[in-house]
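This report concerns only the one structure given below.
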2 protein chains.
Amino acid sequence: MKLELSRVVQGCRLGLLTGLGKSGQHSLEVPGCLLYTRCATVPHLTQDTLHTLRDLPSVTQVSVDSLAEHHEVLKEFKEGVRKFAGLHDTVLFCSLHDSANSSPAGHVTNKTVSVWGSGGRIELTVARFMAIQAAIQPDCYQSMADGETWQAGTSRKRVRKAVDRTLAHLDECLALHQKTQELKQAEIFGVVEGGDILEERLRSARETAKRPVGGFVLDGFHSAAMDQDVRVQLIKATSAELPQEKPRLVLGVGCPDEVISCVEAGVDLFESFFPFQVTERGCALSFNYTIDPDPETAGTSTPTVLEFNGEMPAVKKLNSNGDENMTPYEMNLKDKRYQDDFRPLVEGCSCYCCKKHMRAYVHHLLVTNELLGGVLLMLHNMAHYLGFFKALREAITSDRLQDFKNRVLHCREGI
Amino acid sequence: MKLELSRVVQGCRLGLLTGLGKSGQHSLEVPGCLLYTRCATVPHLTQDTLHTLRDLPSVTQVSVDSLAEHHEVLKEFKEGVRKFAGLHDTVLFCSLHDSANSSPAGHVTNKTVSVWGSGGRIELTVARFMAIQAAIQPDCYQSMADGETWQAGTSRKRVRKAVDRTLAHLDECLALHQKTQELKQAEIFGVVEGGDILEERLRSARETAKRPVGGFVLDGFHSAAMDQDVRVQLIKATSAELPQEKPRLVLGVGCPDEVISCVEAGVDLFESFFPFQVTERGCALSFNYTIDPDPETAGTSTPTVLEFNGEMPAVKKLNSNGDENMTPYEMNLKDKRYQDDFRPLVEGCSCYCCKKHMRAYVHHLLVTNELLGGVLLMLHNMAHYLGFFKALREAITSDRLQDFKNRVLHCREGI
């Protein structure tokens, strides 16, 4: 695995991650996102439906929490999650937790971390964690980490302990990794912890960078954990300690404005749980990310301009499915105003849902709890989110990041 | 619309229903089934996913209960449900109730019947019923009917009243139909009522047959309504009163053994809510309907023989989703025995699910409530059910109905 940077503009790293997968034939453009899944499936979608989407990421994310309970079955199956789940040719990245769920805190010990499966808490030692990885057979995976230091008011002592534990887990993971036949061609991503304490972040980054890792996971930066300014400052400082040629994946950040600020701070990769959360609350991503191709006419509308229909939320919290989590980037299709709106979700969108269906029909499906509603929203939201990342890369390529930011962040001023 | 019978064997009518749809270019083989939908969508499936199925019926069924609440929106839309729901080219049949749901009894009056939408009860006069049909714009639809006479112990007087009311509703529907521009090319199916009283069934059939209807709906014969022998006798007697060249659709009958006995009694068409009910309880249809192509070797296994995995239920009831409704035609994939079963749902099945996925993975999706589980089961169950109807027609064609019955009913003896 190698990250080839083609340019760095205003802190944004544009490049290509190459040599991915067992035979090294896959690549992934950065800034970009992994393909979010639950039980190795993008919620609602068959592999064939999924593959009607354009610009699908070549890396699929699975998480230990949804697979740990099936460890024995996967071990017996012997051929890994990719084949177990009938996935098309894809690179598999395995993280510890599903970022769309919140986990109870207070279950970390010196030697263990806990994840929550459908049957409750599962306590993992490094040995068990690595045995599960051997059954999953990912191409890359994050090492076991103590990530419970993001709550406001966590003491410096506790944060230091988390960094120490996470480094110790990484060393143990690396040692077992060497001995595990099933992981021979896989790579470990080291996890950078440190809460909101700068010196711990720097220490965690420096120490992790000394180990033979394929890339870095930036943990504890998710939306509920800290203020956006603090996050950006910490990530910038942390990035400076990390080698340029290795990718950095931030966990738990998905909202478009937060993605942009993280990219400017030096992040390469994101998860894509955000479009799933939007789908779960019956909403459709509808923000505009299309910048005018000619700077001379920037600001005037183009035929492909997307219409903004977001409603301003009073408060934004993470990890629950209520409408109070709505962001300004989406429209609530359960709202009665859409019952006789015969337009596509987003004018000009070329996704399956927008080409075939109207807002009024999707509204009808959602209010009657018809299962196709989620399928259609998931297709649109993934298409829109992937389009956003593609447009972001194009904006960096063409030195138009400020225009892009103006367009995307526009709606946050409520215009 | 015209039914061309090619042969009648042991009471079974084999033929082709032609001249369907606005331009008359569609046809449907009988015995066959309509395509079951809720809100005009086959649950879980996009139109594109649905159309990966072979031998899809050319007639899609929608029901007034799921659309009545959206009457005003449909009326404003002006172009009917087919376009509203983004359906591919298909013939639309509209029935009164969704046979997968049970409705509370006791809400019929001389002039009204009631249906239940997501917001509760909706009382329909013939005028309102017809206004809804004008907004739906089906190609054929059943007339409004008093179907509340199937409960055991319904008095002869009540049954007679239901037959009279249903005939009166039909006459009113026919009168309004003539005046409704949106229904100019549509046809009405008259509804035969009469509970379990033979003379009322005969009267209802005779009187309905005198009216200018396109076909007949046989109501009140669903699984919970009566014993299979009584049903068969009543349908046989009723069929004799109906013109040969018009199709007969029975409501609420979906289980394979009941389908076969109804076909022998003279029924042409069925709904396909049964594979949806099987899907909802986390089960997969797995009964064998493949008869050996060469009668000389009948009884020996063939490469395409399907494996029976059904569990015998103690009791069978209709219209709830508990496992007690399981039939001997299906396997319960939530059962722990499938957690490490790495075979396809049904060996030899060519559906998307069986080609791509294993029982163990579908089990995993179901126990973790992952949404793809329903999508995959629905695909398999529809494919299996459509395959059953095709095999039934082929068995009649080749004079092998008895072999077919032996094969399908086999599992009922628990072998």
Side-chain angles (χ1 to χ4, degrees), chain A residues 37-50 52 66-67 69-70 72-79 81 83-88 117-119 276 279-280 338-342 352-353 355-358 360-376 378-379, chain B residues 37-50 52 66-67 69-70 72-79 81 83-88 117-119 276 279-280 338-342 352-353 355-358 360-376 378-379:
Chain A
T37 68
R38 294 163 75 103
C39 298
T41 159
V42 176
H44 297 280
L45 308 184
T46 65
Q47 282 281 297
D48 279 9
T49 303
L50 176 68
T52 62
S66 73
L67 295 167
E69 283 159 348
H70 302 264
E72 290 304 323
V73 170
L74 281 169
K75 192 175 155 191
E76 183 187 340
F77 181 61
K78 292 192 178 69
E79 301 185 72
V81 160
K83 189 153 180 201
F84 185 77
L87 301 184
H88 289 191
S118 56
F276 170 67
T279 300
E280 286 298 280
Y338 300 115
Q339 72 169 5
D340 58 353
D341 188 336
F342 305 129
Y352 178 87
C353 174
K355 279 192 297 183
K356 300 249 180 177
H357 296 291
M358 306 174 297
Y361 183 59
V362 178
H363 168 83
H364 178 78
L365 293 173
L366 292 171
V367 297
T368 52
N369 286 317
E370 213 28 73
L371 298 152
L372 184 64
V375 178
L376 293 177
M378 194 67 206
L379 268 173
Chain B
T37 68
R38 294 162 74 103
C39 297
T41 160
V42 176
H44 298 279
L45 307 184
T46 66
Q47 282 281 296
D48 279 10
T49 303
L50 175 69
T52 62
S66 72
L67 296 168
E69 283 160 348
H70 301 263
E72 291 304 322
V73 170
L74 282 169
K75 192 175 156 190
E76 183 185 341
F77 181 61
K78 291 192 179 69
E79 301 185 72
V81 159
K83 191 156 179 198
F84 185 76
L87 300 184
H88 289 192
S118 55
F276 170 66
T279 300
E280 288 296 281
Y338 299 115
Q339 71 170 6
D340 58 353
D341 189 334
F342 305 129
Y352 177 88
C353 175
K355 278 192 298 183
K356 300 247 179 179
H357 295 292
M358 306 174 298
Y361 183 60
V362 177
H363 167 83
H364 178 79
L365 293 173
L366 292 171
V367 296
T368 53
N369 285 317
E370 213 27 73
L371 298 151
L372 184 64
V375 177
L376 293 176
M378 193 69 206
L379 268 173

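Numbered from 1 within each chain, the chains take letters A, B, ... in sequence-line order.
The two residues B:T368 and A:S118 come nearest to each other via the heavy atoms CG2-OG, 3.9 Å. The shortest heavy-atom contact between B:V81 and B:A40 is CG1-CB, 3.7 Å.
For A:H70, the part sitting under 4.5 Å from any heavy atom of chain B is the side chain, from C-beta outward, and nothing else. Both the backbone and the side chain of B:H364 come within less than 4.5 Å of a heavy atom of chain A. Proximity to chain B involves both the backbone and the side chain of A:Q47, based on heavy atoms less than 4.5 angstrom apart. In this structure, the portions of A:H44 lying under 4.5 Å from any heavy atom of chain B include both its backbone and its side chain. For chain B, the nearby part of A:T49 is the side chain; its heavy atoms alone come within less than 4.5 Å. Contacts between A:E76 and chain B at a heavy-atom distance below 4.5 Å involve backbone atoms as well as side-chain atoms. Both the backbone and the side chain of B:T41 come within less than 4.5 Å of a heavy atom in chain A. When heavy atoms are compared at a cutoff of 4.5 Å, A:L45 approaches chain B solely by way of its backbone atoms N, CA, C and O. If you measure heavy-atom distances from A:F342 to chain B, the contacts under 4.5 Å come from the side chain alone. Only the backbone of A:S66 comes within contact range of chain B, with at least one heavy atom under 4.5 Å from a heavy atom of that chain.
Here the straight-line distance linking atom CG of B:L366 with atom CG of B:L372 works out to 9.5 Å at 0.5 Å rounding. In this structure, CG on A:L371 lies 6.5 Å from CD on B:E280, to the nearest 0.5 angstrom.
Most heavy-atom pairs under 4.5 Å with chain B: of the set A:M358, A:M378, A:E69, this distinction falls to A:M358.
With A:Q339 contributing its side chain and B:V73 its backbone, the two residues share no donor-acceptor pair below 3.5 Å. In this structure, the side chain of A:Y361 engages the main chain of B:C39 through a donor-acceptor pair within 3.5 Å. In terms of modelled atom types and a separation under 3.5 Å, the side chain of B:Y352 and the main chain of A:T46 share no donor-acceptor contact.
Counting heavy-atom neighbours within 6.0 Å of A:K356 NZ, excluding the residue itself, gives a total above 12.
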